Amino acid sequence: MANVTMVPAEGQILVDIEDMTMLKDIKRAISMLKGVGKITVPRRRKLYSSYERSLRDLDEGRVYEAKDVDDLFRQCLEEK
């Protein structure tokens, strides 16, 4: 009796690219391979430092004022 190995219907391959300027050429080369269905490039989120996030909060109006700690807790615990 012969052994039969099943080939998966679809699979994935992960490629790490060091030089992102080559991304377009690499995508084009991979798309020329037989059996390649689609190529997806995940988007990267920009990571902001605490300082940069604070500046964005200021710019976008996400700033709250309290006259003392009791006022701060009252504002935080208020139902909206």
Side-chain angles (χ1 to χ4, degrees):
M1 179 179 258
N3 290 333
V4 177
T5 304
M6 298 300 293
V7 178
E10 66 179 60
Q12 292 182 338
I13 186 170
L14 179 64
V15 178
D16 289 329
I17 301 171
E18 293 177 6
D19 184 3
M20 291 303 285
T21 60
M22 299 294 298
L23 180 63
K24 188 175 181 180
D25 295 332
I26 292 170
K27 282 174 56 176
R28 185 176 30 235
I30 291 173
S31 67
M32 290 182 203
L33 295 172
K34 181 179 177 182
V36 173
K38 72 175 185 175
I39 299 172
T40 305
V41 178
R43 295 179 186 249
R44 292 185 177 186
R45 284 187 6 214
K46 181 177 179 189
L47 299 177
Y48 294 102
S49 69
S50 299
Y51 178 71
E52 290 170 322
R53 286 194 311 267
S54 300
L55 290 177
R56 287 185 61 206
D57 286 342
L58 281 172
D59 290 342
E60 295 173 11
R62 292 187 299 259
V63 180
Y64 305 96
E65 293 184 20
K67 58 184 175 186
D68 56 25
V69 173
D70 292 327
D71 186 35
L72 176 67
F73 279 114
R74 186 184 55 72
Q75 288 179 30
C76 291
L77 298 174
E78 263 181 10
E79 286 189 33
K80 304 246 176 190

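Bear in mind the structure is a predicted one, so any value in this text is a computation, not a measurement. Only heavy atoms go into these numbers, but all of them, side chains included; no hydrogens, no water, no symmetry mates.
- For the pair Val41 and Lys27, the tightest heavy-atom approach, listed with the atom from each and the gap, is CG2-CD, 3.8 Å.
- A salt bridge (charged side-chain N to carboxylate O under 4.0 Å, His left out) check over residues 57-66, counting only residues at least two apart or in different chains, returns the pairs Arg56-Glu60, Asp57-Arg62, Glu60-Arg62.
- Hydrophobic cluster of Tyr51: the remaining members, joined at side-chain heavy-atom separations below 4.5 Å, are Leu55, Leu58, Val63, listed by chain and number.
- Linking Ile, Leu, Val, Met, Phe, Trp and Tyr whenever their side-chain heavy atoms come within less than 4.5 Å puts Leu33 and Ile26 in one cluster.
- Partners of Asp25 under the salt bridge (charged side-chain N to carboxylate O under 4.0 Å, His left out) rule, at least two apart in sequence or in another chain, are Arg28.
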Between side-chain atoms of residues 14-21 and protein atoms elsewhere (two or more places apart, or another chain), which donor-acceptor pairs fall under 3.5 Å?
unit_1, atom_1, unit_2, atom_2, d
Asp19, OD1, Thr21, N, 3.2
Asp19, OD1, Thr21, OG1, 2.5
Asp19, OD2, Thr21, OG1, 3.1

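- Partners of Asp68 by side-chain contact (heavy atoms from CB on, under 4.5 Å), not counting sequence neighbours, listed by chain and number: Asp70, Asp71.
- Listed by chain and number, the residues in a salt bridge (charged side-chain N to carboxylate O under 4.0 Å, His left out) with Arg53 amount to none (sequence neighbours excluded).
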